[in-house]
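Data first, discussion second: the structure below is written as structure tokens.
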Amino acid sequence: MTEPLQFWMVALLFLPLIGAIAAFVLPRHAPIVGMGVALGVTGAAVGLCWQVQSVGTGTVALGGWGAPLGINLHVDGLSAAMLAMTAGVGAVVSMGAVNTFGGRVARSAETARPRQYFWPLWLLLLTGLNGVYLGTDIFNLYVMIEVIALAAVGLTVLSGSLAALRAGLDYMFASILGALLLLMGVGFVYLQLGRLDFGGLAGADPSGALVAALALMFVGLALKTALFPLHFWLPAAHANATAPASALLSALVVKAALYIIVRLLQHMPAPGEALVVLMGLMGTGAILWGSVQALRADRLKLLVAWSTVTQIGLIFVALAQAGVAGLAHSWKAAAVLILAHGVAKGAMFLAAGRIRAEVGHDRIRDLDRSPVRPALAQLAFAFAAVSLIGLPPSLGFIGKWMVMEGALAAGNWHWVVITMTGTLFSLAYFSRVFAGFLRFDRVEADVPGGVVEQRGRAPMDYAPLALAALGVALGLVAAPILEFLEIGRAGGWP
Amino acid sequence: MIPLPEAGGFLPLAILLTSLLVSPVLFALPEHNARLRTALNLGAATLKLALVAWLSWRVSRGAVYDIGFTVLPGLNFKLQADPLAVLFVGLSAVLWLITTVYSVGYLERGPHRARFFGFFSLCVAATVGIAMAGNLFTFLIFYELLTLATYPLVIHNGTAQALRAGRIYLVYTLSGGLLLLLGTLGLWMLAGNTDFAPGGILDAVIADSPRMAQALFVVLIAALGVKAALVPLHAWLPIAMVAPAPVSALLHAVAVVKAGAFGIMRVVYELFGIEATHALGLAEPLAAAAAITILYGSLRALTQDDIKRRLAFSTVSQVSYITLGVALASPIAATGALAHLIHQGLMKITMFMVAGNLAEGLGVKKVSQMNGVGRAMPFTMAAFSLAALGMIGLPPLAGFISKWFLAQGGLDAGQDWVIALLLGSSLLNAIYFLPMLYRAWFLEADRPAESPPPGTPGRPRIGWMLALPPIATAAMVVFAGAFANAPFSPLDWTRFVVAIEYQE
Amino acid sequence: MTPALIYGLTGIVVFGIGLFGALCVRDRLRRLLALNLCGMGAAFVLVAGAWRMPPDSADPVPHALVITGIVVLVSATAVALALIRRLHTLESAPEEIPEDTPE
């Protein structure tokens with residue numbers, strides 16, 4: 001009996017869609033609708049995971065048409081894990097957003113527009129994300145990723161500031177270009193094979209034309225996931241959006257394109273060694289260049305945004321760690337890193353937003369001079385950093401461990417070196433922030449007469465804190481997570 | 001999955017949690033709530049001491065504690081309380097209590113106490129975890145946690161100098177941590193597990209590919225040598241002494257350098273096995289590195305005027321006694337090494353606490369300012385003198401016992417040069433410690449101390465919380481030496497451990 | 001040379017011109033137009049690929065892809081145009097407080 005499973009799948013797709021429409025039509029009740037839907041989706045994701053764990057994979061043919069023509073939804077361990085991560089991070093971000101964009105009326109004219117549009121955009125984004133993770137054919141994925149892109153650009157420019165608008169426009173351009181490349185790729189795949197579903201892709205003959213089509217798709221997706229050197233749009237967009245939006249963009253949006261790449265690698269007929277090496281090289285570039293930029297960043301959110309670039313690079317290194325032959329295992333390392341980054345980065349951007357809100361600015365150099373001490377937000381930031389750096393026992397550590405283990409087993413020492421270099425770099429740039437958190441004594445020196453320290457805590461600090469702590473604690477249950485990821489994957493790899 | 005132990009099996013976990021769980025509470029306590037914080041600190045430390053006492057009783061009766069769960073397929077998080085672990089846990093439990101009392105006194109009304117004690121507890125939790133780690137993977141987790149927990153303590157004062165020290169500390173220890181990660185990975189790839197077991201787990205690998213085993217050994221020792229301050233990886237230690245006195249005391253006596261030395265023990269005894277280490281030709285280089293470190297640290301200590309820097313270089317030298325004893329293939333030397341793990345901790349913590357008291361009470365921070373301080377602070381300086389004489393190796397103090405066994409072990413292993421090394425080092429110890437004692441006791445204070453704390457003419461005022469801890473540890477130095485053969489003395493326990501490691 | 005091939009090659013050339021514009025032009029509006037040109041090129045290629053020698057009728061699926069692509073492109077263009085207009089307003093009148101001006 002897989003009926004509950006199918007029910008949850010359909011709910012995950014339509015609940016946020018209906019919610020988005022409702023939030024748009026009823027702006028006064030948007031926060032309640034948004035929060036309710038976010039929690040509902042989390043419940044559905046938990047239900048789905050439970051079903052997947054106990055029953056296994058499931059498929060729904062929407063409207064009763066099967067492949068290759070109709071829209072099929074399919075769930076296995078990996079997609080269920082992605083759905084759960086999305087829902088969980090989304091729920092926590094929503095809690096943070098209720099504070100920023102909540103209430104019956106806007107507190108000032110300044111927050112009126114963001115408040116009105118945040119919820120519909122976010123729920124639309126959620127629809128797109130869930131659609132990507134449930135989709136089974138590349139054309140549906142293309143449509144969903146465009147839904148995501150439009151909602152994401154909207155979220156980027158929500159604050160209405162000049163910098164955000166500029167960043168949002170660059171993001172939009174990058175996104176359009178990526179979409180066109182992706183569309184061409186999808187079209188070529190169809191012209192070659194006459195099918196668009198993953199199942200058809202898997203058995204295909206790897207002709208030169210098909211490889212070219214897949215290469216087009218890869219470039220388009222790399223642009224959307226901001227893989228070096230196609231990352232140029234990301235730092236400004238993520239750094240200038242409002243905090244909840246940044247959290248969604250960084251934790252969730254880039255993951256959709258990444259997920260499709262993982263799926264393509266999984267179903268692609270004989271992915272070439274060259275492609276895998278190329279991914280590793282681009283990932284290496286991302287790690288090095290992103291780290292250097294993070295070291296130079298003067299603002300906290302910019303630093304966090306550059307750290308996203310490096311982490312995405314690391315995920316590609318994870319995919320490339322053991323060459324084509326190792327893909328059957330290395331995708332798991334990549335999946336663990338994707339989950340770890342989603343959880344940690346969501347918490348980190350929320351915490352960075354809270355720090356900025358309490359301190360009044362986010363210049364790293366001056367963080368220690370503030371008399372306000374947002375201790376809980378800083379703690380959340382630190383926990384998130386532990387997972388991103390990959391210190392034990394966090395989930396990020398498990399991911400890095402798997403990368404290095406796989407690379408060692410395959411004799412690829414260079415990927416071990418790259419991973420370690422990235423770890424050292426991330427320590428270096430995050431410790432810049434930590435020093436700012438710890439060093440408060442300069443306050444007295446700067447302000448005559450001394451200042452009474454303010455605490456700068458609020459109940460909503462607990463949301464990112466819990467999320468960040470979860471990112472650290474999940475590392476302890478990595479074994480069940482790995483088992484879960486493999487559901488439906490037995491023998492699925494070439 | 002390791003089967004769950006019986007009710008008593010949770011004892012190691014409980015000991016870990018006494019400090020691990022109290023840490024977030026301490027962070028959350030408001031800054032001004034000093035009384036509750038002190039109560040919590042002392043309560044947790046006392047509780048832990050009691051639990052450790054119980055644990056060591058049970059372990060001495062042959063109980064085996066083993067608790068853990070699977071993190072990745074085949075890779076377990078595992079705590080175990082073998083006698084070697086109990087030795088180190090006991091040291092950390094005793095010294096935690098004492099240092100906590102001292103820190104409460106030292107930081108009275110100082111800034112950021114909530115943060116300080118939070119990280120302090122975390123640091124102790126990490127040390128306990130290192131001690132009870134049942135495999136290298138678990139060891140690695142706590143080794144990294146220790147780095148993270150001590151960094152905020154090192155830079156606690158927030159001065160530019162402290163921050164520089166913190167940066168250097170981080171660079172060294174985290175690089176060491178990465179190396180250890182690499183070593184753990186390598187071990188796992190080669191041996192298929194990372195468990196600590198007496199006699200070692202690498203026999204098959206050593207038989208198959210001795211080259212790989214040698215490389216692995218070098219990586220692991222280098223990784224641990226950073227924290228154990230083996231020359232040339234020692235540079236962070238003298239710089240990190242800008243930390244507040246209780247932190248230096250803890251760093252030098254229990255937490256960081258000992259974690260490194262303890263790790264070297266685990267690697268040599270329980271991953272490679274002492275015989276395999278010799279068969280691979282790795283013991284001699286390790287002993288040589290230790291010998292060089294011993295001499296180098298002592299030589300550098302000679303010229304330091306800053307008290308804490310002199311003590312820091314002395315630590316560099318003294319901790320390598322442990323490594324030396326591990327590297328000599330003799331159960332007698334091993335006894336000396338293990339005993340020195342405890343003895344050096346007791347002596348060095350005394351000296352650092354005294355150094356803190358001198359700075360607090362008299363503003364004395366340099367050796368050249370020490371003239372006549374014995375008269376101003378007689379009890380404190382008496383404690384210092386005992387510890388210093390112990391370091392030099394005067395019988396019947398604790399340091400004598402460890403040096404005696406090391407020397408015996410050197411003879412036993414047929415390495416006669418060890419005697420010369422120990423004599424030379426003791427001579428150097430005497431050269432840099434005795435002038436301090438001479439100045440303190442026999443010279444007149446040539447001028448009033450430069451900056452006495454406000455409102456303290458005449459006798460310095462330091463609270464009992466500062467004065468008592470060094471006296472207590474100095475008393476332990478005497479007892480550990482004079483009653484070395486009593487049951488449950490460090491030496492007695494050490495013999496118990498060595499019997500297991502040498503599988504006699 | 002079949003008509004389909006001619007159309008296809010033309011599409012690729014158009015796509016290339018658009019791509020060049022998207023990457024090298026600084027002006028925002030021109031860049032957006034260049035991207036639209038890219039889109040047209042892509043549509044050309046796909047439609048040409050769907051062409052079948054009569055009497056076979058053309059494959060409908062690429063047409064569906066193209067139509068969807070056009071819908072997506074039009075909405076993205078609309079969003080981008082709105083952003084460009086807003087940026088233009090803000091940049092030409094910097095003394096105005098941005099958040100208070102309703103669209």
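The shown structure was predicted, so the numbers you read here are calculated from the model rather than taken from an experiment.
When heavy atoms are compared at a cutoff of 4.5 Å, B:Y151 approaches chain A solely by way of its side chain, counted from C-beta outward. Heavy-atom distances place the side chain of B:L170, and not its backbone, under 4.5 Å from chain A. For chain B, the nearby parts of A:L408 are the backbone and the side chain; heavy atoms of each come within less than 4.5 Å. Of the atoms belonging to B:F116, not a single heavy atom falls under 4.5 Å from chain A. The contact between B:T184 and chain A is made by backbone and side chain atoms together, counting heavy-atom distances below 4.5 Å. Proximity to chain A is absent for every atom of B:Y143, based on heavy atoms less than 4.5 angstrom apart. Looking at B:L145, there are no atoms closer than 4.5 Å to chain A (heavy atoms on both sides), in backbone or side chain. Both the backbone and the side chain of A:L476 come within contact range of chain B, judged by heavy atoms closer than 4.5 Å.
Below 4.5 Å, heavy atoms of chain B meet heavy atoms from A:V416, A:M420, A:T423, A:L424, all part of residues 416-425 of chain A. Against chain B, the residues from residues 391-405 of chain A that qualify, each with a non-hydrogen atom under 4.5 angstrom away, are A:L391, A:P392, A:P393, A:F397, A:I398, A:W401, A:M402, A:M404, A:E405 in number order.
Of all heavy-atom pairs between A:A478 and B:L72, the closest is CB-CD2, 4.0 Å.
More than 12 heavy atoms of other shown residues, nucleotides or ligands fall within 6.0 angstrom of atom CE in B:M189. Residue-environment remark: CZ (A:F383) stays at or below the threshold of 12 foreign heavy atoms within 6.0 Å. Around OH of A:Y462, the count of heavy atoms belonging to other residues, nucleotides or ligands within 6.0 Å does not exceed 12.
Between the CD1 atom in A:I389 and the CG atom in B:L148 there is a gap of 7.5 Å [rounded to 0.5 Å].
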